[in-house]
Amino acid sequence: MKNRRRPHTLIVGGTHGIGRAVVRQFLSEGHILSVIGRRRPPESRRANARHYSVELTDAARLSAALRECIRRDGPLSNLVFLQRFRGEGDPWQGELDVSLTATRNIIEGLRRHFARGITGAIVIVCSNSSRLVADEQPVGYHAAKAALWQMARWYAVALGPRGIRVNCVTPGTVLKAESREFYLRNKPLQRLYRQITPLGRMGTTEEIAGVIAFLCSPAASFVTGQDIAVDGGLSLLWQESVARKAAGLTHPGSSKSKLKR
Ligand SMILES: NC(=O)c1ccc[n+]([C@@H]2O[C@H](COP(=O)([O-])OP(=O)(O)OC[C@H]3O[C@@H](n4cnc5c(N)ncnc54)[C@H](OP(=O)(O)O)[C@@H]3O)[C@@H](O)[C@H]2O)c1
(Lines give C-alpha, C1' and ligand atoms only; values in the text may rest on other atoms or scores of the structure.)
Protein backbone atom coordinates (compact mmCIF):
# COMPACT_ATOMS: atom_id res chain seq x y z
CA MET A 1 0.00 0.00 0.00
CA LYS A 2 1.32 3.45 -0.89
CA ASN A 3 1.99 5.67 2.11
CA ARG A 4 0.78 9.11 1.03
CA ARG A 5 0.76 10.94 4.36
CA ARG A 6 4.39 10.74 5.40
CA PRO A 7 7.14 12.21 3.22
CA HIS A 8 8.90 9.55 1.14
CA THR A 9 12.67 10.18 0.95
CA LEU A 10 15.18 8.27 -1.16
CA ILE A 11 18.74 8.28 0.16
CA VAL A 12 21.43 7.16 -2.29
CA GLY A 13 24.57 6.11 -0.40
CA GLY A 14 22.72 5.80 2.91
CA THR A 15 24.48 2.61 3.98
CA HIS A 16 27.78 3.96 5.30
CA GLY A 17 29.38 7.07 6.82
CA ILE A 18 27.41 10.32 6.65
CA GLY A 19 24.56 8.56 4.83
CA ARG A 20 23.74 6.44 7.87
CA ALA A 21 23.35 9.59 9.99
CA VAL A 22 21.06 11.01 7.30
CA VAL A 23 18.96 7.83 7.46
CA ARG A 24 18.67 8.12 11.27
CA GLN A 25 17.78 11.84 11.02
CA PHE A 26 14.95 11.29 8.53
CA LEU A 27 13.66 8.25 10.42
CA SER A 28 13.50 10.39 13.56
CA GLU A 29 11.42 12.92 11.58
CA GLY A 30 8.93 10.21 10.59
CA HIS A 31 9.82 9.86 6.89
CA ILE A 32 9.28 6.69 4.88
CA LEU A 33 12.77 5.87 3.62
CA SER A 34 14.14 4.10 0.59
CA VAL A 35 17.88 3.55 0.87
CA ILE A 36 20.29 2.56 -1.89
CA GLY A 37 23.77 1.06 -1.34
CA ARG A 38 25.45 -2.31 -1.82
CA ARG A 39 25.74 -3.14 1.92
CA ARG A 40 22.89 -3.64 4.38
CA PRO A 41 23.46 -1.56 7.55
CA PRO A 42 21.50 -2.02 10.84
CA GLU A 43 19.32 1.03 10.07
CA SER A 44 17.89 -0.74 7.01
CA ARG A 45 16.16 -3.23 9.30
CA ARG A 46 14.10 -0.48 10.97
CA ALA A 47 10.38 -0.17 10.24
CA ASN A 48 9.76 2.56 7.62
CA ALA A 49 13.16 1.98 5.94
CA ARG A 50 13.40 -0.14 2.81
CA HIS A 51 16.82 -1.12 1.56
CA TYR A 52 17.64 -1.64 -2.13
CA SER A 53 20.93 -3.44 -2.65
CA VAL A 54 22.07 -2.01 -5.97
CA GLU A 55 25.37 -1.44 -7.75
CA LEU A 56 24.86 2.08 -9.11
CA THR A 57 26.74 1.36 -12.34
CA ASP A 58 24.28 -1.43 -13.20
CA ALA A 59 21.76 0.71 -15.12
CA ALA A 60 19.17 -2.05 -15.54
CA ARG A 61 19.11 -3.02 -11.83
CA LEU A 62 19.12 0.62 -10.78
CA SER A 63 16.18 1.44 -12.99
CA ALA A 64 14.25 -1.61 -11.66
CA ALA A 65 14.97 -0.55 -8.06
CA LEU A 66 13.74 3.01 -8.71
CA ARG A 67 10.49 1.68 -10.23
CA GLU A 68 10.02 -0.65 -7.25
CA CYS A 69 10.68 2.13 -4.74
CA ILE A 70 7.95 4.35 -6.26
CA ARG A 71 5.53 1.44 -6.65
CA ARG A 72 5.88 0.41 -3.01
CA ASP A 73 6.03 3.76 -1.21
CA GLY A 74 4.58 6.29 -3.65
CA PRO A 75 5.87 9.57 -5.09
CA LEU A 76 8.95 11.15 -3.57
CA SER A 77 9.25 14.21 -1.38
CA ASN A 78 13.04 14.23 -1.17
CA LEU A 79 16.04 12.71 -2.93
CA VAL A 80 19.49 12.83 -1.29
CA PHE A 81 22.80 11.80 -2.89
CA LEU A 82 25.82 10.87 -0.77
CA GLN A 83 27.54 8.21 -2.85
CA ARG A 84 31.14 8.41 -3.98
CA PHE A 85 33.27 5.81 -5.75
CA ARG A 86 34.57 3.14 -3.33
CA GLY A 87 35.68 0.27 -5.48
CA GLU A 88 38.33 -1.46 -7.49
CA GLY A 89 39.33 -0.34 -10.94
CA ASP A 90 39.99 2.98 -12.61
CA PRO A 91 39.13 5.75 -10.11
CA TRP A 92 38.59 8.26 -12.94
CA GLN A 93 35.88 6.20 -14.64
CA GLY A 94 34.60 5.04 -11.25
CA GLU A 95 34.03 8.57 -9.92
CA LEU A 96 32.39 9.70 -13.15
CA ASP A 97 30.08 6.66 -13.24
CA VAL A 98 29.18 6.40 -9.54
CA SER A 99 29.15 10.07 -8.50
CA LEU A 100 28.12 11.88 -11.62
CA THR A 101 26.34 9.68 -14.17
CA ALA A 102 24.36 7.74 -11.55
CA THR A 103 23.18 11.03 -9.99
CA ARG A 104 22.02 12.32 -13.36
CA ASN A 105 20.33 9.01 -14.27
CA ILE A 106 18.46 8.86 -10.96
CA ILE A 107 17.28 12.48 -11.22
CA GLU A 108 16.12 11.88 -14.80
CA GLY A 109 14.42 8.62 -13.83
CA LEU A 110 12.57 10.20 -10.90
CA ARG A 111 11.89 13.82 -11.88
CA ARG A 112 8.30 12.92 -12.86
CA HIS A 113 7.78 10.92 -9.66
CA PHE A 114 7.82 13.71 -7.09
CA ALA A 115 4.65 14.21 -5.09
CA ARG A 116 2.37 16.98 -6.36
CA GLY A 117 1.26 19.87 -4.17
CA ILE A 118 4.46 20.01 -2.09
CA THR A 119 7.91 21.45 -2.74
CA GLY A 120 10.18 18.51 -3.42
CA ALA A 121 13.86 18.68 -2.58
CA ILE A 122 17.02 17.20 -4.05
CA VAL A 123 20.25 17.49 -2.04
CA ILE A 124 23.61 16.52 -3.50
CA VAL A 125 26.53 16.13 -1.11
CA CYS A 126 29.59 17.76 -2.65
CA SER A 127 33.09 18.52 -1.39
CA ASN A 128 35.56 21.38 -1.21
CA SER A 129 37.40 19.37 -3.89
CA SER A 130 34.93 20.92 -6.35
CA ARG A 131 37.03 24.12 -6.20
CA LEU A 132 40.18 23.42 -4.16
CA VAL A 133 42.78 20.68 -4.60
CA ALA A 134 42.85 17.95 -1.94
CA ASP A 135 45.97 16.08 -3.00
CA GLU A 136 44.98 12.91 -1.10
CA GLN A 137 41.99 12.52 -3.44
CA PRO A 138 42.25 11.46 -7.13
CA VAL A 139 41.61 13.78 -10.05
CA GLY A 140 38.33 12.01 -10.88
CA TYR A 141 36.93 12.90 -7.44
CA HIS A 142 37.69 16.58 -8.11
CA ALA A 143 36.23 16.53 -11.62
CA ALA A 144 33.07 14.70 -10.52
CA LYS A 145 32.45 17.00 -7.53
CA ALA A 146 32.96 20.15 -9.64
CA ALA A 147 30.54 18.79 -12.24
CA LEU A 148 27.97 17.83 -9.58
CA TRP A 149 27.91 21.39 -8.30
CA GLN A 150 27.18 22.84 -11.75
CA MET A 151 24.70 20.01 -12.41
CA ALA A 152 22.82 20.97 -9.22
CA ARG A 153 22.54 24.56 -10.46
CA TRP A 154 21.32 23.37 -13.88
CA TYR A 155 18.63 21.16 -12.33
CA ALA A 156 17.63 23.93 -9.90
CA VAL A 157 16.63 26.00 -12.94
CA ALA A 158 15.15 23.08 -14.90
CA LEU A 159 13.09 21.62 -12.04
CA GLY A 160 12.11 24.89 -10.30
CA PRO A 161 8.87 25.19 -12.32
CA ARG A 162 7.88 21.69 -11.09
CA GLY A 163 8.36 22.88 -7.48
CA ILE A 164 11.54 20.82 -6.97
CA ARG A 165 14.43 22.58 -5.22
CA VAL A 166 18.00 21.40 -5.80
CA ASN A 167 20.85 22.27 -3.43
CA CYS A 168 24.31 21.06 -2.41
CA VAL A 169 25.88 20.51 0.99
CA THR A 170 29.66 20.64 1.27
CA PRO A 171 30.98 18.99 4.44
CA GLY A 172 34.41 19.50 5.92
CA THR A 173 36.18 16.37 7.18
CA VAL A 174 33.78 14.80 9.68
CA LEU A 175 33.96 12.21 12.45
CA LYS A 176 32.18 9.18 10.97
CA ALA A 177 31.33 6.14 13.06
CA GLU A 178 33.79 4.19 10.87
CA SER A 179 36.74 6.60 11.39
CA ARG A 180 35.86 8.10 14.78
CA GLU A 181 38.30 5.97 16.78
CA PHE A 182 41.18 6.86 14.44
CA TYR A 183 40.62 10.60 14.88
CA LEU A 184 39.89 10.45 18.61
CA ARG A 185 43.06 8.45 19.31
CA ASN A 186 45.16 10.80 17.19
CA LYS A 187 45.80 13.74 19.54
CA PRO A 188 48.07 15.73 17.15
CA LEU A 189 45.37 15.56 14.46
CA GLN A 190 42.71 16.75 16.90
CA ARG A 191 44.98 19.62 17.96
CA LEU A 192 45.44 20.54 14.29
CA TYR A 193 41.68 20.72 13.63
CA ARG A 194 41.28 22.83 16.78
CA GLN A 195 43.94 25.24 15.56
CA ILE A 196 42.86 25.65 11.95
CA THR A 197 39.04 25.58 12.23
CA PRO A 198 37.30 28.82 13.26
CA LEU A 199 34.82 26.78 15.35
CA GLY A 200 37.75 24.92 16.91
CA ARG A 201 36.84 21.25 16.18
CA MET A 202 35.88 18.65 13.58
CA GLY A 203 32.24 18.26 12.58
CA THR A 204 30.02 15.21 13.07
CA THR A 205 27.90 13.23 10.64
CA GLU A 206 24.82 14.37 12.60
CA GLU A 207 25.70 18.02 11.88
CA ILE A 208 25.79 17.30 8.13
CA ALA A 209 22.52 15.35 8.37
CA GLY A 210 20.88 18.29 10.18
CA VAL A 211 21.65 20.68 7.30
CA ILE A 212 20.44 18.16 4.71
CA ALA A 213 17.19 17.80 6.69
CA PHE A 214 16.85 21.60 6.81
CA LEU A 215 17.21 21.81 3.01
CA CYS A 216 14.49 19.16 2.67
CA SER A 217 12.15 20.95 5.07
CA PRO A 218 9.52 23.67 4.49
CA ALA A 219 11.89 26.07 6.31
CA ALA A 220 14.01 26.03 3.11
CA SER A 221 11.02 26.37 0.73
CA PHE A 222 12.55 29.33 -1.19
CA VAL A 223 16.14 28.06 -1.28
CA THR A 224 17.39 26.51 -4.51
CA GLY A 225 20.66 26.26 -6.45
CA GLN A 226 22.78 26.90 -3.36
CA ASP A 227 25.76 25.17 -1.80
CA ILE A 228 25.98 25.22 2.00
CA ALA A 229 29.42 24.61 3.48
CA VAL A 230 29.24 22.73 6.79
CA ASP A 231 32.85 22.88 7.88
CA GLY A 232 33.10 25.07 10.98
CA GLY A 233 34.34 27.95 8.81
CA LEU A 234 37.55 26.25 7.65
CA SER A 235 36.94 26.98 3.95
CA LEU A 236 36.68 30.72 4.71
CA LEU A 237 40.35 30.98 5.48
CA TRP A 238 43.12 31.93 3.09
CA GLN A 239 45.54 29.01 2.71
CA GLU A 240 48.44 31.01 4.19
CA SER A 241 46.37 31.75 7.30
CA VAL A 242 45.64 28.03 7.71
CA ALA A 243 49.32 27.16 7.27
CA ARG A 244 50.35 29.81 9.83
CA LYS A 245 47.81 28.55 12.36
CA ALA A 246 48.98 24.96 11.82
CA ALA A 247 52.59 25.99 12.33
CA GLY A 248 51.70 28.16 15.35
CA LEU A 249 53.15 31.26 13.62
CA THR A 250 51.78 34.80 13.93
CA HIS A 251 51.69 37.23 11.01
CA PRO A 252 53.08 40.71 11.87
CA GLY A 253 49.79 42.29 10.67
CA SER A 254 47.43 39.91 12.47
CA SER A 255 44.92 41.22 15.02
CA LYS A 256 46.65 39.27 17.82
CA SER A 257 50.00 40.90 17.18
CA LYS A 258 48.33 44.35 16.82
CA LEU A 259 46.75 43.92 20.23
CA LYS A 260 50.14 43.15 21.69
CA ARG A 261 51.69 46.33 20.22
N1 LIG B 1 33.57 11.91 5.09
C2 LIG B 1 33.97 13.16 4.98
O3 LIG B 1 34.67 13.69 5.85
C4 LIG B 1 33.54 13.96 3.76
C5 LIG B 1 34.08 15.24 3.55
C6 LIG B 1 33.66 15.97 2.43
C7 LIG B 1 32.72 15.44 1.55
N8 LIG B 1 32.23 14.19 1.77
C9 LIG B 1 31.23 13.65 0.83
O10 LIG B 1 30.12 13.16 1.57
C11 LIG B 1 29.58 12.00 0.94
C12 LIG B 1 29.53 10.84 1.93
O13 LIG B 1 30.86 10.61 2.35
P14 LIG B 1 31.21 9.37 3.29
O15 LIG B 1 32.60 9.57 3.73
O16 LIG B 1 30.12 9.20 4.28
O17 LIG B 1 31.18 8.20 2.20
P18 LIG B 1 31.26 6.60 2.44
O19 LIG B 1 31.37 6.31 3.88
O20 LIG B 1 32.31 6.09 1.51
O21 LIG B 1 29.83 6.12 1.89
C22 LIG B 1 29.58 6.14 0.51
C23 LIG B 1 28.20 5.59 0.24
O24 LIG B 1 28.05 5.43 -1.18
C25 LIG B 1 27.62 4.09 -1.46
N26 LIG B 1 28.23 3.62 -2.69
C27 LIG B 1 29.50 3.83 -3.10
N28 LIG B 1 29.71 3.23 -4.28
C29 LIG B 1 28.53 2.63 -4.63
C30 LIG B 1 28.12 1.84 -5.73
N31 LIG B 1 28.95 1.59 -6.75
N32 LIG B 1 26.86 1.38 -5.77
C33 LIG B 1 26.01 1.63 -4.74
N34 LIG B 1 26.34 2.39 -3.66
C35 LIG B 1 27.59 2.87 -3.61
C36 LIG B 1 28.15 3.27 -0.28
O37 LIG B 1 27.34 2.13 -0.10
P38 LIG B 1 27.88 0.62 -0.14
O39 LIG B 1 29.31 0.63 0.25
O40 LIG B 1 26.95 -0.06 0.79
O41 LIG B 1 27.67 0.24 -1.55
C42 LIG B 1 27.95 4.24 0.89
O43 LIG B 1 26.63 4.18 1.36
C44 LIG B 1 30.46 11.71 -0.28
O45 LIG B 1 29.84 12.23 -1.42
C46 LIG B 1 31.75 12.46 0.03
O47 LIG B 1 32.41 12.87 -1.15
C48 LIG B 1 32.62 13.43 2.85
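We count ligands from 1, going down the list as the structure has it; atoms in each ligand are counted the same way. As the structure is a prediction and not an experimental result, all values here were calculated from the model. Numbering of residues begins at 1 and proceeds along the displayed sequence.
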Completion exercise
The closest protein heavy-atom partner of atom 16 (O) of ligand 1 is I18 N, 2.8 Å

Completion exercise
The atoms of ligand 1 lying under 4.0 Å from a heavy atom of G13, numbered in the order shown, are 23 (C), 24 (O), 25 (C), 43 (O)

Fill in the blank from the handout: Closest heavy-atom approach to atom 43 (O) of ligand 1 among T15, D97, T173 is made by T15

Exercise for the section: Could you tell me whether R38 and ligand 1 have an N or O pair separated by under 3.5 Å? Expected result: yes

Handout entry: contact_flag G172 ligand 1 heavy-atom lt 4.0 Å
Key = yes

Handout entry: Residue-ligand contact F81/ligand 1, heavy atom below 4.0 Å
Key = no

Fill in the blank from the handout: In ligand 1, the atoms that come under 4.0 Å of a heavy atom of V174 are 1 (N), 2 (C), 3 (O)

Practice task
Would you indicate which of F85, Y141, Y52, Y183 comes nearest to atom 47 (O) of ligand 1 when only heavy atoms are counted?
Solution key: Y141

Handout entry: K176 atom NZ, neighbour heavy-atom count above 12 within 6.0 Å
Key = yes

Handout entry: Identified side chain to side chain contact (heavy atoms under 4.5 Å, CB included) partner of L215 from the options N78, V223, I122, T224
Key = V223

Exercise for the section: Give a yes or no answer on whether the side chain of T204 reaches the backbone of E207 with a donor-acceptor pair at less than 3.5 Å. Expected result: yes

Handout entry: Distance filter under 4.0 Å to E55 heavy atoms, resulting ligand 1 atoms
Key = 30 (C), 31 (N), 32 (N)

Practice task
Return a yes/no value for I36: is any of its N or O atoms, backbone included, closer than 3.5 angstrom to an N or O of ligand 1?
Solution key: no

Practice task
Output yes when E68 and R72 qualify as a salt bridge under the 4.0 Å nitrogen-oxygen rule, no when they do not.
Solution key: yes

Practice task
Taking only heavy atoms of V98 into account, list the atoms of ligand 1 that are under 4.0 Å away from them.
Solution key: 28 (N), 31 (N)

Handout entry: L82-ligand 1 polar pair, N/O distance under 3.5 Å
Key = yes

Practice task
Check if C126 has a non-hydrogen atom at a distance under 4.0 Å from any atom of ligand 1.
Solution key: yes

Practice task
Within a distance under 4.0 Å of any heavy atom of K145, pick out the atoms of ligand 1 and give their elements.
Solution key: 44 (C), 45 (O), 46 (C), 47 (O)

Exercise for the section: Using a strict cut-off of 4.0 Å, indicate which atoms of ligand 1 neighbour a heavy atom of V125. Expected result: 9 (C), 10 (O), 11 (C), 45 (O)

Exercise for the section: May I ask you to list the atoms of ligand 1 that are less than 4.0 angstrom from any heavy atom of G17? Expected result: 16 (O), 19 (O)

Problem - Which of the ligand 1 atoms, numbered from 1, are nearer than 4.0 Å to a heavy atom of R84 - result: 24 (O), 27 (C), 28 (N), 47 (O)

Exercise for the section: Could you tell me if any non-hydrogen atom of P171 lies under 4.0 Å from any atom of ligand 1? Expected result: yes

